[in-house]
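Below is one structure, written out as structure tokens; the observations come after it.
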Amino acid sequence: MENHFTLEQQKESLHKITSDLIKPIGINRSFHLWMGFLTLALLGCLYAYYLQLRDGLGVAGIRDYVSWGMYIANFVFFVASSLIGMLITAVLGLSGAKWISPIARISEIIAIGFAAIAGLVIVSDMGRPERLINVFIYGRIQSPILWDVTVVTTYVLISLILLYLPLIPDLAMLSRNQTLPKWLRKAYELLSINWKGTASQYEILHKAIKIMAILIIPVALAIHTVTSWLFASTARVGWDSTIFGPYFVTGAFVAGTGFLIIAMYFFRKNYKLHDYITELHFDKIGKILVLVSLVYLYFNINEFLVPGYKMKSHEAVHLRELMAGNHAWLFWGVQIFGLILPIVLLLFKKMRKPLPMFIISIFIVIGSWFKRYLIVVPTQEHPFLPIQNVPDNFIYYQPTLIEGLITMASFILVLMIVTILSKVFPIIPIWETAHEKGIHEPEKLS
Amino acid sequence: MEDHSTNNNNSRRDFLQKVGLIASGTVMGGAAMFAGFKFETSKKKESRIKALTAEHQLIEVEAEGHSHPVEDMLTELQLQGREGIPDKRWVMVIDLAKCRNARQCMKACQGAHELRPEQHHINVLQMQDSENTAPYFMPKPCQHCDNPPCVSVCPVDATFKRPDGIVLIDNERCIGCRFCVAACPYSARIFHWNEPLKEQEYKENKSKYSQMIAEGKQEEAKELEKKVAYDVELNVPQRRGTISKCLFSADRLRVGQMPYCVSACPNGVYYFGDENEDAVTNGTTKQTVRLSGLLRDNAGYRLMEELGTKPRVYYLPPKNRLFPFPEETLITNEHHS
Amino acid sequence: MKKGTFISIIALISINTVLFGQDTLWSVPEDQLSKAAPVMFTGEMQKAGEDIYAKNCKSCHGDMGQGNMAKLNPLPKDLSSLAVSKQTDGALHYKITNGRGLMPVFKNTLSGAQIWEVISYIRKYHKDYKQPEPSMVAAFGGKTITLTMDYLPDLKGFKIIALGKEKDADVPAEGVEIALFVKRYFGLLKIDDSKVTDKQGEVFFNEPAKLPGDKEGNLQVIAKVVDTEKYGDVAYTKEVAAGIPTEKPSLTENRAIWNVGRKAPWWVTVAYPLTVLAVLGTIGYIILLLKKIYLSGKEQSDNLN
């Protein structure tokens, strides 16, 4: 598609793009209200964490047998959700899909929010959080926890770089925009490292983005594979599986895509970006969601059918408990409403519109969270040896309110990060959008 | 044309630069690590002396020059606990034919390790392997595996295997991640979710101790030190937010005595000894027998051999029992797979 | 059906003796009841008995007459009480030797003579006690026996010679029962059955088959006179190279996933830092690129100025 617009037309077009995309930036009344609300809610939840610090992990429902509960399930969910950054920017970006450029930054912001807070979630599960430093002093390189710490921090770093690199031209442009407050422009200028938009600068930038997009693929695969190894490296029934790595990674794409669609819907509506995040984008992302969900369904079938066919004694108890026992409602709810129904619905073009997809995605995200719960908790309720001579609350896991509030805190923190990032940076890359509209040297026009 | 070649040069230079950067980083990092290992292994024990820290705990430090920060933080008891008892390979044999659920082992253990009634380092389980096989009682301590899954996953070397086979926990280092709990197939580990049983007593003793030190009453303080200092071989005082489990009573072995549970059993269930000596001694009758013979003659076995954990606890099958199995209802009401 | 009833009767009996029988009868064989100490109790014996009591009995039975026994079920008896004082010496000796339920077996921890010493100490607290006539048999006129042992590598065994003193001369002691032990960490491992000395006062034991010794194969072998009540605690200890030289490596010697970080398997030790460095190196390169962008931008603005 060759574009031959006149300079005047280009100028006008660029002006519209810039003003549309800059509009949401800045701190306004609704931002204050929203952040104030989040802060208040967070303070309430932090009180719950204070209680946990004061009285010990006993305030949560976890006990000696089910010793990993909601916190760990939530940690896995957070790591999973953060993988969307890699799927969009790296996998689709490198394959040459140009249409992703308006949603690439959204996915990167989601990735940073979830990955950064995942680290905090794991700290909330520690019996001795003040000894976190021991991991760096005494770290054993054989422990998957050490690998997880390494790889999650690396992923956060790479995601930050991948957010920053495509921002540089936008930052330079924003630093010259008179409508923005002065301190913000100063900060943009500092961050834009002398960006002039010359051909050589573009060349270096493209190269840097490409290298990072390649690097993030193994790192992202590693964070979720290593997270799956926290379980697969044990001999426990339900965890002792060789496909846990890919099983987790594909599950992560489902959860992440769900969050991306929710975010797309929200930003499109609230930041008035209908011209940029179009129905075409929803249609395409909807198809991707079907694809990753089908792959995930395939892994689910493997994970349950293969042991279910043999019914080895310990596996049989686990599977019965999941499919017909205590967890059956949750299990089938997650499989049907969180996976099978969304796949079927999204096959229809009518369903791949913004609002239906938004609703489907909410189901997918909730399903994904409980799916992690079902991976973490039931296994521990059936150890190899019987649970005896302990109180009843050691036998079945019952999450407590405090646990729920602390988990809530992690979501609030993600929302805060996403809100702030989307308020100080244009949520859609200006220069890339301009490039795609045929404006090749936006720097010269503005 | 010219332009093209400079471009080429550029990218070649870039490439070389990149390779150089990565390579030099790798080499430097590797060298640093190697040097670190060398330093740690080259240290001799003789060059260490004992000193009292500000918190009045005995530690070992390098006699001269600056020392390695990691090992300095260990108290004398922690170091001794990590080194174990030389030339030993502890082994326990549990004769299921003799266990009649007296639970004296559990009581003695909970007393020694200051545990609550629901916290078990050793737990006598009521077992029935399948519908038509006989029920039996099975005391279950930590199996002190030679391929311990719990130790493999520990991120901070807080739980560790000693040269003499015992798997111990350093609750001054444990971060409370409970990965070991998840990894143990024998459910041998417990966690202090709330305040340990004797936390208050420990706190009182500690403040008394500091007061004595402040008043210069060295002699009296020395007496109290035993109650205040953390003994890694007994895991007492227990700490909130950390793991505990069976330690084969490493503190008793050091003074030539058998573990608390072994000595407390009234029914001759336990044998304990050194695999290197091929001998185990019965805790009740104090009779010493050959380990190899005992296992051969009674068809001894280990729990879940198929997991490859290589336990140091052997079981003798529950055959020829001369007592019934009471409370059979408990078997139908069990929570395991 | 019949079999079932039979089994349950046996079971009932055994459960009764095990769980509830402790307070009822503790039957001592007839011939053991009348057994008497071999010598008259002396103050020295009582003193030795007090030490043994403090080490082995006090933790459960408490101090004599103080009632501070351990809170066990059934409650351990105060040994100064009438219930104990009315029992015969033989009954006490039998019970300490063989134990029952929570009362431990002492035959492998205390010698017969030591048990008599404990009894002599307990009897101090029994007012009406009168010691029966000592059972001392005039073997060698009650004179001491000494043991010597030789290891005979060619014969793969030990020759033990028992000598008794008679008129200031050593004479072979015939008919003395000897047992042979090897020292182990928690106790003595008995080698073979005990044997009786021949006319030469000699007895031969085969060496234990494939018993691990120390690095040189040394074992601490102990020959003991079995009838300690008659002869006292007579023993002879010798270190001989009759075992298999054993020097097993420490269990933490090899590199393994479960070992400390320093002893991680090579593949982890190499792969982990290399991977981390490769990723960090790439990030470092990106920072270099950013610096290039910065410099080229600066160059351009300098040119414009």
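Given the structure is predicted, the values throughout are model-derived calculations rather than measurements. A note on names: the letters A, B, ... follow the listed sequences, proteins ahead of strands, and every chain is numbered from 1.
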Please check if any side-chain donor atom of A:N74 sits under 3.5 Å from a side-chain acceptor atom of A:Y373, or the reverse.
no
Sort [X] into side chain, backbone, both or neither according to what part of it lies under 4.5 angstrom from a heavy atom of chain B.
X	answer
A:D55	backbone
A:L53	backbone
A:I62	both
A:I72	neither
A:W147	neither
A:F136	neither
A:R320	neither

If you count heavy-atom pairs under 4.5 Å between each of [options] and chain A, which one has the most?
options	answer
B:A182, B:C177, B:G176	B:A182
B:C174, B:A183, B:P149	B:C174
B:N123, B:V124, B:L307	B:N123
B:T309, B:I175, B:L303, B:I243	B:I175

So is B:R173 actually on top of A:Y138's ring, under 6.0 Å and inside 45° of the axis?
yes
Looking only at atom types and distance, does a side-chain atom of [X] sit under 3.5 Å from a main-chain N or O of [Y], one as donor and one as acceptor?
X	Y	result
A:S410	A:T407	yes
B:E305	B:Y301	no
B:Q119	B:R116	yes

Between A:F304 and A:F331, does the ring centre distance come in under 6.0 Å?
yes
Aromatic ring pairing A:F248/A:F244, orientation class (parallel under 30°, perpendicular over 60°, tilted between):
tilted
Is it true that B:E172 and B:R239 have a side-chain N and a carboxylate O under 4.0 angstrom from each other?
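Yes, charged N to carboxylate O under 4.0 Å.
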Between B:R82 and B:D157, does any side-chain N to carboxylate O distance fall below 4.0 Å?
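Judged by the 4.0 Å cut-off on N to carboxylate O distance, B:R82 and B:D157 do form a salt bridge.
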Non-hydrogen atoms of chain A under 4.5 Å away: do they reach the side chain of [X], the backbone, both or neither?
X	result
B:P185	both
B:N171	backbone
B:L125	both
B:C150	neither

Leading residue by heavy atom contact count with chain B [cutoff under 4.5 Å; candidates A:L230, A:L146, A:V390]:
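Looking at each of A:L230, A:L146, A:V390 in turn, A:L230 comes out on top.
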Among the listed options A:P129, A:A235, A:P144, A:A60, the residue most often paired with chain B at heavy-atom distances under 4.5 Å
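Going by pairs under 4.5 Å, I would pick A:P144.
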Under the side chain to side chain contact (heavy atoms under 4.5 Å, CB included) test against B:C246, which residue among B:H113, B:R189, B:H144 passes?
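That would be B:H144.
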Looking at side-chain heavy atoms only, is the closest gap between A:L57 and B:R178 below 4.5 Å?
yes
